[in-house]
Amino acid sequence: MPERLKKRAMRVVGVRQVLRAVKEGRAQEVFLAMDADSHLRSQIEQEVRNKGLPLHMIATMEELAALCRVDVPSAAACLIRNT
């Protein structure tokens with residue numbers, strides 16, 4: 001599953017983009033860093049629960065960024081549905 005995060009066309013990275021994808025129904029699975037700000041974490045967790053999506057916790061923002069092959073620490077990422 002994390003291997004798919006490396007493919008740019010299949011994912012979005014960042015809290016705003018993830019929240020938008022979840023709300024629009026484009027998200028398939030969500031990845032959230034455990035060391036992200038608690039307010040951001042709870043906001044994403046609530047939206048994910050509301051939509052019934054799988055949520056995967058990643059230890060750190062740096063680890064999530066490495067999985068996504070981005071240079072800045074990332075609090076959230078998600079795989080998007082093929083449309």
Side-chain angles (χ1 to χ4, degrees):
M1 122 195 74
E3 284 296 315
R4 294 184 297 178
L5 284 173
K6 294 179 181 178
K7 296 179 182 177
R8 182 172 283 165
M10 295 180 67
R11 54 114 169 119
V12 294
V13 179
V15 172
R16 288 182 189 177
Q17 292 85 347
V18 168
L19 282 173
R20 184 179 306 131
V22 169
K23 289 177 181 178
E24 292 175 354
R26 295 182 298 124
Q28 182 177 352
E29 296 178 52
V30 178
F31 298 82
L32 186 58
M34 290 188 290
D35 64 342
D37 178 72
S38 61
H39 174 71
L40 296 176
R41 264 195 351 257
S42 63
Q43 190 176 8
I44 291 173
E45 288 172 344
Q46 182 178 357
E47 286 295 329
V48 168
R49 267 194 308 271
N50 289 344
K51 295 289 185 175
L53 297 172
L55 177 64
H56 307 282
M57 299 305 287
I58 306 296
T60 66
M61 294 192 316
E62 289 80 13
E63 185 179 338
L64 183 55
L67 288 171
C68 295
R69 294 185 176 172
V70 295
D71 295 330
V72 295
S74 304
C78 75
L79 296 173
I80 56 174
R81 298 184 189 285
N82 293 334
T83 54

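Keep in mind it's a predicted model, so treat the numbers as computed, not measured. The figures that follow rest on heavy atoms only: side chains count, while hydrogens, waters and symmetry mates do not.
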### Minimum heavy-atom distance between Ala75 and Ala36, given as atom pair plus value
CB-CB, 3.6 Å
### Query
CD/Glu63 to OG/Ser74 distance, rounded to the nearest 0.5 angstrom?
12.0 Å
### Query
How far does CZ of Arg41 sit from CE of Met34, to the nearest 0.5 angstrom?
9.0 Å
### side-chain contact (heavy atoms from CB on, under 4.5 Å) against Asp35, all qualifying residues, sequence neighbours excluded
Ala33, Thr60, Met61, Glu62
### Message
Can you give me the closest heavy-atom contact between Ala77 and Leu64, atom names plus distance?
### Response
N-CD2, 4.0 Å
Can you give each donor-acceptor pair under 3.5 Å made by side-chain atoms of residues 44-55, sequence neighbours left out, with the distance rounded to 0.1 Å?
residue: Asn50; atom: ND2; partner: Gln46; partner atom: O; Å: 3.4

### Summary
The residue among Arg11, His56, Arg81 that forms side-chain hydrogen bond (donor to acceptor under 3.5 Å, both in side chains) with Glu29 is His56
### Message
Using every non-hydrogen atom in the two residues, find where Val18 and Cys78 come nearest and quote the distance to one decimal.
### Response
CG2-N, 3.8 Å
### Task
Search all heavy atoms of Ala76 against all heavy atoms of Leu32 and return the closest pair with its distance.
CB-CD1, 4.1 Å
